[in-house]
Amino acid sequence: MEEELKCPVCGSLFREPIILPCSHNVCLPCARTIAVQTPDGEQHLPPPLLHSRGSALSSGAAAAPPLDQEAAAGPACSGAGGSAAGGLGGGAGGGSDHADKLSLYSETDSGYGSYTPSLKSPNGVRVLPMVPAPPGSSAAAARGAACSSLSSSSSSITCPQCHRSASLDHRGLRGFQRNRLLEAIVQRYQQGRGAAPGASAATAVAICQLCDRTPPEPAATLCEQCDVLYCAACQLKCHPSRGPFAKHRLVQPPPPPAPSEVASGSPGAVQGAPSGSGGCKSPGATGAGAAGGNTARKYPTCPEHEMENYSMYCLSCRTPVCYLCLEEGRHGKHEVKPLGAMWKQHKAQLSQALNGVSDKAKEAKEFLVQLKNILQQIQENGLDYEACLVAQCDALVDALTRQKAKLLTKVTKEREHKLKMVWDQINHCTLKLRQSTGLMEYCLEVIKENDPAGFLQISDALIKRVQVSQEQWVKGALEPKVSAEFELTLDSEPLLQAIHQLDFIQMKCRVPPVPLLQLEKCCTRNNSVTLAWRTPPFTHSPVDGYILELDDGDGGQFREVYVGKETLCTIDGLHFNSTYNARVKAFNSSGVGPYSKTVVLQTSDVAWFTFDPNSGHRDIILSNDNQTATCSSYDDRVVLGTAAFSKGAHYWELHVDRYDNHPDPAFGVARASVVKDMMLGKDDKAWAMYVDNNRSWFMHCNSHTNRTEGGVCKGATVGVLLDLNKHTLTFFINGQQQGPTAFSHVDGVFMPALSLNRNVQVTLHTGLEVPTNLGRPKLSGN
């Protein structure tokens with residue numbers, strides 16, 4: 001709570017807080033420092049007004065009430081600012097018009113103005129510099145000059161929190177209400193904390209807060225409205241008993257706190273101690289407002305009628321008012337209510353609002369606990385991942401070391417093999433060379449001999465030996481069998497790239513979580529169902545797609561009906577009056593996740609359908625939202641319905657709207673591939689009853705059977721009953737069964753069908769219950 005009790009300007013606990021028009025609070029001493037004159041206001045004023053302002057500042061005469069006896073620039077400015085206000089009000093003639101132009105009222109005249117905070121101020125507000133004291137004047141006169149300077153121009157104050165500016169009227173900061181309630185809360189908080197609400201030390205007596213003497217004179221009076229302690233001299237100089245001060249109530253200063261109370265932390269303060277904001281003094285916290293815990297609490301009074309307490313609450317202005325405000329002021333015609341009743345009402349509203357805040361605070365605490373648990377999990381998981389990373393990198397290093405040893409072994413074996421081959425070739429070649437050299441030397445010695453007979457005895461053998469020796473140096477014998485180069489090339493580039501690309505993947509490669517079915521979006525329409533699902537929040541596993549499975553409507557095995565990335569799917573062509581179970585699962589590269597919960601969907605009990613404009617012959621003309629059909633040709637043309645049946649019993653009717661020249665319309669069912677440019681029933685894809693104005697026939701594969709008396713005319717109704725549970729097809733005219741059961745052993749998928757020409761127009765009626773009270777069948781004619 002302490003942050004709520006600190007001034008946004010000085011950062012200390014509130015001292016004499018006032019309520020700004022934006023509902024924020026600020027210390028009264030701090031408000032004096034941030035109250036500013038309108039920029040560039042002096043240069044727009046005429047010379048007479050500047051002259052009167054200068055004379056008012058120099059003389060210090062109190063000809064009119066000051067801008068702010070309580071707060072314009074400190075309590076010391078209450079006496080010196082009077083002539084300035086008088087100069088603005090009537091001494092300058094037309095000067096008030098110029099002064100009005102300097103105000104910061106907004107376009108709606110709400111008392112607010114826009115203002116960009118200054119970057120030079122730590123709190124985002126402009127601070128009014130202190131006015132230097134004229135030579136030879138006292139500090140009190142200097143403060144009075146500052147107040148006069150502020151009161152003699154259009155002034156404003158900027159909220160340090162929302163940076164909205166509010167203009168000051170002739171009352172200055174006294175026009176803002178004191179927040180006595182906040183002041184009392186601060187005092188209780190300081191008492192509970194054991195700290196003095198005022199300055200850091202206590203004095204034996206209450207002293208004057210405006211004296212420039214050292215030490216200050218003892219206080220003789222306390223103004224309850226200004227909340228300032230005066231000595232006798234300062235009271236005569238700064239708080240004259242005339243003008244607006246005449247209504248102020250002067251009382252004896254309160255007794256100072258006992259030394260024991262000061263030592264134990266009871267509220268007590270040094271009178272006139274400097275405040276924490278620009279050297280301003282705090283008259284409220286150091287004076288009667290905080291003299292001790294046993295001091296009577298002051299309640300706020302009306303700022304326009306200082307001596308009057310609040311008694312009513314104005315609903316239009318949303319502010320407390322006194323009875324004089326209702327009789328004389330601007331609240332006379334406003335709607336008001338008793339102060340006590342509105343107090344209780346607003347307390348109840350605040351309590352109710354606090355309940356919501358309390359719930360949110362509880363949620364915030366639980367959320368903080370969750371965040372702290374996440375912090376701990378992050379710490380633990382971080383350590384685990386570090387250990388895992390070190391282990392993985394060590395494993396990679398070990399594998400690389402083992403592979404390095406294997407590769408070095410291969411290089412060593414290759415080197416030893418080459419060395420052995422070379423040494424073997426060297427030894428072999430050396431032996432051959434020695435043998436050849438010896439033979440050569442021997443042959444040369446034989447050639448030197450002059451004995452022909454002895455030469456011829458051995459020459460043949462020597463020639464053969466030399467030839468054999470020459471043949472031993474065959475081609476390639478003097479070429480190295482191995483190369484000095486190693487034909488081993490290590491391709492490390494892919495491994496280096498893999499090492500450089502080694503990084504953490506964003507998600508753990510796990511199977512996807514269970515999809516969440518969005519039941520509010522799942523629905524059925526006719527014989528189709530629509531299902532919707534989504535991935536759970538905070539999912540870290542990727543999802544490549546989904547698999548939707550549906551059973552057969554009889555509690556049978558599930559089958560896949562959709563595989564893809566969409567999260568919304570509609571399945572058409574299901575059985576009517578059937579209960580289907582559906583489930584979905586997600587998959588990614590790691591596998592398939594678990595199934596979702598099973599959702600149960602019930603298709604419509606009866607079929608609602610129309611004629612299908614896409615499947616009908618081009619001569620068919622549809623109207624009435626595709627429920628009425630006719631034809632533009634004299635030949636029979638076929639049109640199908642939009643529904644397909646493979647299970648259950650279904651009944652629909654066709655009303656004959658127009659019937660001319662005795663045509664033969666045909667009613668029945670057909671496959672989707674039926675021929676559409678001839679009468680229904682002439683091929684093997686349709687089962688029909690064609691009828692004229694006198695009789696009817698059943699027809700399939702161009703076979704006419706069961707002629708039955710009784711036909712149709714304008715206004716007649718033809719009913720078709722397809723019972724796929726019994727595998728039969730039956731026809732009715734005007735509620736009476738026409739002939740026996742038309743067709744038996746009907747099995748498969750069928751669509752409602754109709755063939756007609758331009759002389760007939762019929763309207764389709766669907767969504768009908770299967771009739772149980774139809775008339776008995778008419779006997780067939782053959």
Side-chain angles (χ1 to χ4, degrees), residues 572-573 607 609-646 650 652-708 711-714 716-722 729-731 733 738-739 742-743 745-766:
D572 297 319
F609 59 92
T610 62
F611 291 118
D612 187 4
N614 299 318
S615 64
H617 193 275
R618 62 177 179 272
D619 293 337
I620 294 292
I621 301 173
L622 300 180
S623 59
N624 189 24
D625 294 331
N626 297 330
Q627 293 178 350
T628 300
T630 186
C631 182
S632 61
S633 173
Y634 285 104
D635 298 324
D636 291 312
R637 300 292 184 248
V638 174
V639 61
L640 302 178
T642 56
F645 306 116
S646 61
H650 308 280
W652 62 95
E653 294 180 345
L654 298 107
H655 185 267
V656 180
D657 302 327
R658 180 167 52 83
Y659 186 82
D660 302 327
N661 301 323
H662 312 298
D664 298 326
F667 309 89
V669 295
R671 309 287 191 191
S673 57
V674 65
V675 179
K676 300 183 177 65
D677 57 357
M678 61 183 181
M679 180 182 287
L680 191 68
K682 287 192 174 184
D683 62 355
D684 61 347
K685 301 294 192 300
W687 294 257
M689 176 190 73
Y690 73 94
V691 57
D692 59 15
N693 60 328
N694 292 320
R695 60 190 68 84
S696 66
W697 292 265
F698 302 145
M699 186 166 61
H700 173 64
C701 293
N702 203 23
S703 174
H704 307 254
T705 60
N706 297 98
R707 186 185 74 174
T708 305
V712 296
C713 60
K714 180 179 178 181
T717 299
V718 177
V720 182
L721 175 59
L722 176 64
L729 178 63
T730 308
F731 296 96
I733 296 179
Q738 186 73 1
F743 300 98
H745 308 291
V746 177
D747 195 11
V749 179
F750 302 93
M751 305 178 70
L754 166 72
S755 69
L756 72 171
N757 61 18
R758 65 182 301 167
N759 294 316
V760 182
Q761 176 177 306
V762 299
T763 297
L764 178 65
H765 298 278
T766 62

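What you see below is based on every heavy atom in this structure, not just the backbone, and it leaves out hydrogens, waters and symmetry mates.
- Judged as a side-chain hydrogen bond (donor to acceptor under 3.5 Å, both in side chains), and not counting sequence neighbours, H765 has no contacts.
- Under the side-chain hydrogen bond (donor to acceptor under 3.5 Å, both in side chains) criterion, Y690 pairs with H704, sequence neighbours left out.
- In this structure, a donor-acceptor pair under 3.5 Å is absent between the side chains of D636 and S755.
- The side-chain hydrogen bond (donor to acceptor under 3.5 Å, both in side chains) search around N693 returns H662, not counting sequence neighbours.
- Take D612 and apply the side-chain hydrogen bond (donor to acceptor under 3.5 Å, both in side chains) test, not counting sequence neighbours, and it matches S615.
- With sequence neighbours excluded, the residues that form a ring-ring contact (aromatic ring centres under 6.0 Å, His included) with H700 are W687.
- Atom NE2 of residue H650 and atom OG1 of residue T766 lie 12.5 Å apart, to the nearest 0.5 angstrom.
- Scanning for ring-ring contact (aromatic ring centres under 6.0 Å, His included) contacts around F731 gives F698, with sequence neighbours left out.
- Contacts classified as salt bridge (charged side-chain N to carboxylate O under 4.0 Å, His left out) and involving residues 658-686 (residues at least two apart or in different chains) are given here: R658-D660.
- Checked against side-chain contact (heavy atoms from CB on, under 4.5 Å), S633 has the following partners two or more places apart in sequence or in another chain: D619, C631, D635, R637.
- In this structure, CZ on F667 lies 8.0 Å from CD1 on I733, to the nearest 0.5 angstrom.
- Qualifying side-chain contact (heavy atoms from CB on, under 4.5 Å) partners for I621, counting only residues two or more places apart in sequence or in other chains: T630, S632.
- Under the side-chain contact (heavy atoms from CB on, under 4.5 Å) criterion, A670 pairs with L640, V674, L680, A686, A753, sequence neighbours left out.
- The aromatic rings of F645 and F609 stand perpendicular to each other, their planes meeting at an angle above 60°, with 30° marking the opposite boundary.
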